[in-house]
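For this chain, numbers begin at 1 and follow the sequence in order. Every heavy atom of this structure was used, including side-chain atoms; hydrogens, water molecules and symmetry mates were not.
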Amino acid sequence: MVKDMDAKLERFIDKCKSMGLKITPQRVAVYEVLLNREDHPTVEEVYNEVKKRYPFVSLATVYRTVETLEELGFVKRVAYWGGSVRYDANTEDHHHLICTRCGAIKDIQLNINWYPPKHIEGYRVEKYALHIYGVCPECQKRES
């Protein structure tokens with residue numbers, strides 16, 4: 001996992017260099033936080049974690065960095081929950097379970113051998129995601 005994370009960070013740094021983007025410690029820290037989290041955090045959650053290491057980082061900087069990471073294909077938007085967008089550094093094709101009570105999001109791999117056609121009802125399909133909604137084990141315990 002550490003080796004994989006190092007390789008992803010290196011690819012990110014190389015991409016920034018090739019595009020003339022500055023490699024700031026804060027920018028790298030934002031990506032590290034996203035790589036280390038499996039709970040699909042909001043930008044605000046990423047900001048709170050980065051702020052522990054870099055107290056003077058601004059929320060605007062973290063927002064811009066996450067937008068840049070998304071534009072470069074290093075993270076993707078997963079879902080909107082509670083008015084905030086959630087992000088995932090796992091950009092491989094996979095699906096999500098989303099709790100309808102607390103908003104927890106969990107990656108899942110399903111053996112679904114279906115890919116959408118290139119066009120659906122006039123839309124040119126660029127990507128797709130499957131979200132399954134339910135109640136997570138923790139919320140089920142609280143309901144009992």
Side-chain angles (χ1 to χ4, degrees), residues 1-140:
M1 176 71 176
V2 171
K3 204 175 199 180
D4 185 44
M5 189 170 106
D6 289 343
K8 287 181 178 185
L9 280 169
E10 191 173 316
R11 278 195 304 277
F12 170 63
I13 290 168
D14 289 345
K15 183 74 170 180
C16 287
K17 286 178 183 175
S18 75
M19 296 186 70
L21 297 172
K22 289 183 180 177
I23 317 304
T24 64
Q26 295 87 348
R27 184 171 278 166
V28 173
V30 168
Y31 190 40
E32 284 177 330
V33 167
L34 285 161
L35 284 171
N36 283 312
R37 302 262 309 244
E38 294 181 0
D39 62 342
H40 309 80
T42 64
V43 172
E44 292 82 3
E45 290 170 329
V46 173
Y47 166 72
N48 289 332
E49 204 163 320
V50 171
K51 195 167 177 64
K52 292 174 188 173
R53 286 199 290 182
Y54 300 99
F56 298 107
V57 70
S58 71
L59 181 57
T61 295
V62 176
Y63 265 103
R64 281 192 304 274
T65 301
V66 172
E67 286 173 2
T68 299
L69 286 164
E70 184 180 12
E71 288 169 14
L72 298 177
F74 288 96
V75 300
K76 61 183 177 180
R77 290 175 191 227
V78 174
Y80 294 88
W81 191 263
S84 294
V85 177
R86 308 284 285 276
Y87 290 90
D88 192 353
N90 178 359
T91 58
E92 295 176 12
D93 288 337
H94 65 284
H95 309 295
H96 298 99
L97 286 170
I98 302 173
C99 180
T100 57
R101 303 289 192 279
C102 69
I105 301 175
K106 179 178 176 50
D107 289 348
I108 57 170
Q109 293 293 334
L110 296 174
N111 291 327
I112 297 176
N113 295 322
W114 178 83
Y115 292 94
K118 293 183 191 254
H119 290 85
I120 299 174
E121 296 189 23
Y123 284 71
R124 183 183 69 240
V125 176
E126 295 177 343
K127 56 185 173 179
Y128 81 100
L130 172 67
H131 300 309
I132 299 172
Y133 296 87
V135 180
C136 73
E138 291 302 313
C139 288
Q140 289 178 54

[X]: partners by salt bridge (Lys or Arg N to Asp or Glu O under 4.0 Å), with sequence neighbours left out:
X: E126; answer: R124
X: K76; answer: none
X: E138; answer: K141
X: D39; answer: R37

Those residues that, when tested against N48, pass side chain to side chain contact (heavy atoms under 4.5 Å, CB included) (two or more places apart):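 Once residues adjacent in sequence are excluded, N48 has no partner under the side chain to side chain contact (heavy atoms under 4.5 Å, CB included) criterion.
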Partners meeting side chain to side chain contact (heavy atoms under 4.5 Å, CB included) with Y63 (sequence neighbours left out): V43, E44, L59
For [X] versus [Y], what's the shortest heavy-atom pair and its separation?
X: I23; Y: I13; value: CD1-O, 3.7 Å
X: D88; Y: H96; value: OD2-NE2, 3.3 Å
X: Y47; Y: S58; value: CE1-C, 3.6 Å
X: V46; Y: P41; value: CG2-CG, 3.8 Å
X: R101; Y: C139; value: CB-SG, 3.5 Å

Contact check, side chains of L34 and V66, non-hydrogen atoms, under 4.5 Å: yes
Side-chain touch L110/I132, heavy atoms, less than 4.5 angstrom: yes
[atom1]/[X] to [atom2]/[Y] distance, rounded to the nearest 0.5 angstrom?
X: R11; Y: D6; atom1: CZ; atom2: CG; answer: 11.0 Å
X: E92; Y: D107; atom1: CD; atom2: CG; answer: 10.0 Å
X: L130; Y: I108; atom1: CG; atom2: CD1; answer: 6.5 Å
X: L69; Y: T91; atom1: CG; atom2: OG1; answer: 11.0 Å

Side-chain donor/acceptor of Q140 to backbone N/O of V135, under 3.5 Å: yes
Side-chain donor or acceptor of R86 paired with backbone N/O of H40 under 3.5 Å: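 Yes, because the side chain of R86 sits within donor-acceptor range (under 3.5 Å) of the backbone of H40.
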Salt bridge (charged side-chain N to carboxylate O under 4.0 Å, His left out) contacts in which one or both residues fall within residues 25-35, not counting sequence neighbours: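 Listed once each, the pairs are E32-R53.
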Pairwise salt bridge (charged side-chain N to carboxylate O under 4.0 Å, His left out) hits with a residue in residues 57-71, at least two apart: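 Only E70-R77 qualify under salt bridge (charged side-chain N to carboxylate O under 4.0 Å, His left out).
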Stepwise side chain to side chain contact (heavy atoms under 4.5 Å, CB included) test for N36 and M5: CA-CA 8 Å; N36 283 312; M5 189 170 106; 3.3 Å; yes
K17: partners by side chain to side chain donor-acceptor pair (under 3.5 Å), with sequence neighbours left out: none
Quick one: ring-ring contact (aromatic ring centres under 6.0 Å, His included) partners of [X], sequence neighbours excluded?
X: Y87; result: none
X: H95; result: none
X: F74; result: F12, Y31

Stepwise side chain to side chain contact (heavy atoms under 4.5 Å, CB included) test for H131 and V78: CA-CA 9 Å; H131 300 309; V78 174; 4.1 Å; yes
L72 and L21: CA distance, side-chain angles, deciding distance, side chain to side chain contact (heavy atoms under 4.5 Å, CB included) verdict: CA-CA 11 Å; L72 298 177; L21 297 172; 4.3 Å; yes
